[in-house]
Chemist: 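Provided herewith is a single structure, encoded as structure tokens, for subsequent inquiry.
Hydrogens, waters and symmetry mates are skipped; everything else that's a heavy atom, side chains included, is used.
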Protein chains: 2
Amino acid sequence: MPLTKKSTLVLVAERAGVSIASVSRVMNGLPASQQVIDRVRAAADELGYVPDATARSLKAGKTEQIALAVADVGNPVYVGMMHEISRVVTKAGYRLVLSSTGSDPLDQIDLLTSLNRGFADGLILSPLRVTEELGQQLRASRLPIVIIGSLPPGVELDNVRADSVRGIALAVDHLAAQGRRRIAFINGPVDTVPGAARLNGYLRALTEQGHPQNADAQVGASDFTYRAGLKAAATLLDQTTPDAIVCANDLLAVAAMKVISKRGLRVPDDIAIVGMDDTDIADLAQPSITSVDLRSTKRARAAAKLLLRRLENPQAPVEQIVIEPKLTVRASSVTGAREAEL
Amino acid sequence: MPLTKKSTLVLVAERAGVSIASVSRVMNGLPASQQVIDRVRAAADELGYVPDATARSLKAGKTEQIALAVADVGNPVYVGMMHEISRVVTKAGYRLVLSSTGSDPLDQIDLLTSLNRGFADGLILSPLRVTEELGQQLRASRLPIVIIGSLPPGVELDNVRADSVRGIALAVDHLAAQGRRRIAFINGPVDTVPGAARLNGYLRALTEQGHPQNADAQVGASDFTYRAGLKAAATLLDQTTPDAIVCANDLLAVAAMKVISKRGLRVPDDIAIVGMDDTDIADLAQPSITSVDLRSTKRARAAAKLLLRRLENPQAPVEQIVIEPKLTVRASSVTGAREAEL
DNA sequence: GTGATGGCTGTAAACGTTTACGAGAACGTT
DNA sequence: AACGTTCTCGTAAACGTTTACAGCCATCAC
């Protein structure tokens, strides 16, 4: 039910008795005589004129839109990142277009070709899995792209990532310092970027601590979800008896705790737990979960700013930022600290 | 680092030795001779041509974009809804533009005027607070809008909402059936749409059950968040001793449980808890939380489909859908049911 | 052989802006 | 009084498509 017809520059110009060029100039604050300014303003107000974004985009060659593609929209971490990116780009006058790709790498390829249709000025991409073909597409893209997470080999793009190897090391060191000796690991899928990195970090941390590597002490969940975590934790506890578990994710950590309590064991007394990502869930859980903060919102902000920078200066040198993780200690890993909660 | 210059219809036409009209026809599958088709296809491939979305939009008068504005991006419920909407509109060939407004009604006004710039073909809006001015803007809008949640008075738009009055009734009835008599209520801010509806539902359910209304037995958190929930729960327990608490939100429910256990009381033995929204958190919590499922993803899907329908038939009669809630019973409200978990 | 029919294809206009260019007008300088 | 500057404003082209229209040619019926 259109109350008013769409009004254009032409309409406003007619009404104000000036040329369309003058209307455009007034709307954009370019110099004009006071008389013209007043007449145009009045006419525009009466007609409820707002300039058309599409036409402006076509002329200017830019859309004022930034595309965001994250593999796993359900994951609370990505939600936070999305929120932060939205905030930053909105403040800079851009709109955020959500291009939710599934975990399927093909979706990402599709996305990249459709990016060339020019519906956005740039892209922030956080791929779950990187393939050679994705790399090719990335290299071939004409538009600025910022990658959150690891880059495919041979790709030189602005990049922000967490040092998850160091993050796992923080967790392992903390547990070792608490006197834990049999430190197990519940990972996500090893064929994903974060999964591979975290496994790598776990193994290195064990070696550095002088602990033996025990194949039974690590399992990979089929997914970074709570459900998958329940299964993985059960498998782990069937095949070994750790006194601590590092989990690649807060969701996995909650799942582990549930299985542990189901089996009549206590956290942290019998088994200490450390999660990862430091989401709200870590804080909400009972007991609250010590978690490695991979600084997701900080990474998100950095990525957004990187993209904005490149948009205003396409020649800028490629920048690759590594964000340092930080350990937030809570009740799940420290015996006798329960009263410290809340 | 553009590897290839942007290629246009004109370039392709030159290369193929045909007119731009022919190229356009081939790209759109309109009838053409086999010879022309082959030549155009070849030329397009060599040049890596993809049609420009902006130009097409300008000509066609539609952007293939749908805007989504939710007040509280942090809330897990909205995240799920966003995900679902994204899925539906993407499948229909639309892109989703995220217009995160804060809780400030002014943001929504801004959004509505900027919608008239035509950057999207329609809007799905879930306002947290409705004001008279918002209602005016909604009535004046030229573009299709679907509202999730209550409509401002006098606004006739496609609409999807949950029957939260009935939802609360489900919770109260369930608790009453479990023999609970002193059923308290932790609400969110009462000046929000959901807050007002839930309070209303609570009062009505109490009356229908023949329970007395006790002003001490209800508190409103300053926000639908965990932190606010902690404070609200503490206040509630200071001023009354309920044997059950209905919470307007799963986050508030978790907070209540934390405070309860902090005070040495047990859930559900001393106090039964029912949450709302039935998010993952209800399932993850220890004990798991009985929750009123307000069918957020179903509502989201309905809203998306409503908008799609109106986009293809602007004359369709206004439709207002009310989705029935459903109670998911878990451990937090049933004594002796602990073993049923997992 | 003529006219009508129909299928392809090219020309050009249109979508709503921004902006280079040039024409006047107003003003100051000599 | 003539000229140069400066400022304002209108004309028109351009962004990359889609599409109405008309032209052309081949085919076919008579």
Chemist: Rounded to whole angstroms, how far apart are CZ on B/Arg117 and C1' on C/dG16?
Modeler: 13 Å
Chemist: With sequence neighbours left out, write down each residue that passes side-chain contact (heavy atoms from CB on, under 4.5 Å) with A/Ala162, or none if nothing qualifies.
Modeler: A/Leu294, A/Arg299
Chemist: Could you give the CZ-to-C1' distance, from A/Arg56 to C/dT19, as a whole number of Å?
Modeler: 13 Å
Chemist: For a quick test of your reading: what N or O donor-acceptor pairs under 3.5 Å do the side chains of residues 26-37 of chain B make, sequence neighbours left out?
Modeler:
| residue | atom | partner | partner atom | Å |
| --- | --- | --- | --- | --- |
| B/Ser33 | OG | B/Val36 | N | 3.3 |
| B/Gln34 | NE2 | B/Asp38 | OD1 | 3.1 |

Chemist: Any side-chain to backbone donor/acceptor pair from A/Ser57 onto A/Lys62? Under 3.5 Å, distance only.
Modeler: yes
Chemist: In whole Å, what is the span from the CG atom of B/Leu58 to the C1' atom of C/dT18?
Modeler: 13 Å
Chemist: Could you pull out all residues at least two apart from A/Pro144 that satisfy side-chain contact (heavy atoms from CB on, under 4.5 Å)?
Modeler: A/Leu307, A/Arg310, A/Leu311
Chemist: Do B/Val79 and B/His83 have side chains that approach each other closer than 4.5 Å (heavy atoms only, starting at C-beta)?
Modeler: no
Chemist: With nearest nucleotides of DNA chain C determined for B/Ala60 and B/Ala32 from heavy-atom distances, which residue corresponds to the more 5′ nucleotide?
Modeler: B/Ala32
Chemist: With side chain to side chain contact (heavy atoms under 4.5 Å, CB included) as the test, would you mind laying out the steps for A/Leu112 and A/Leu123 before giving the verdict?
Modeler: CA-CA 9 Å; A/Leu112 287 175; A/Leu123 168 68; 3.7 Å; yes
Chemist: Specify the separation, in whole Å, of atom NZ of B/Lys62 and atom C1' of C/dG16.
Modeler: 18 Å
Chemist: Write down the distance between CG (B/Asn28) and P (D/dA20), rounded to a whole number of angstrom.
Modeler: 13 Å
Chemist: List every contact pair, protein side and nucleotides 10-14 of chain D side both N or O, where the distance is under 3.5 Å.
Modeler:
| residue | atom | partner | partner atom | Å |
| --- | --- | --- | --- | --- |
| D/dG10 | OP2 | A/Ser19 | N | 3.1 |
| D/dG10 | OP2 | A/Ser19 | OG | 3.0 |
| D/dG10 | OP2 | A/Ser22 | OG | 2.6 |
| D/dG10 | N7 | A/Arg25 | NH2 | 2.8 |
| D/dG10 | O6 | A/Arg25 | NH1 | 3.1 |

Chemist: Would you say the side chain of B/Tyr78 lies within less than 4.5 Å of the side chain of B/Ser296, judging by non-hydrogen atoms?
Modeler: no
Chemist: Specify the separation, in whole Å, of atom CD of B/Gln34 and atom C1' of C/dC8.
Modeler: 13 Å
Chemist: Listing request: all salt bridge (Lys or Arg N to Asp or Glu O under 4.0 Å) pairs with a residue in residues 43-58 of chain A, at least two apart in sequence or in separate chains.
Modeler: A/Lys6-A/Asp52, A/Arg15-A/Glu46
Chemist: Please report, rounded to the nearest Å, how far the P atom of D/dG16 is from the NZ atom of B/Lys6.
Modeler: 6 Å
Chemist: Calculate the interatomic distance between B/Met27 atom CE and D/dT19 atom C1'; express it in whole Å.
Modeler: 17 Å
Chemist: Salt bridge between B/Arg139 and B/Glu132, side-chain N to carboxylate O under 4.0 Å?
Modeler: yes
Chemist: For DNA chain D, whose closest nucleotide is more 5', that of A/Ser33 or that of B/Leu30?
Modeler: A/Ser33
Chemist: Roughly what angle, to 10°, lies between the helix axis at the start of the helix from C/dG1-D/dC30 to C/dT30-D/dA1 and the one at its end, five pairs per end?
Modeler: 60°
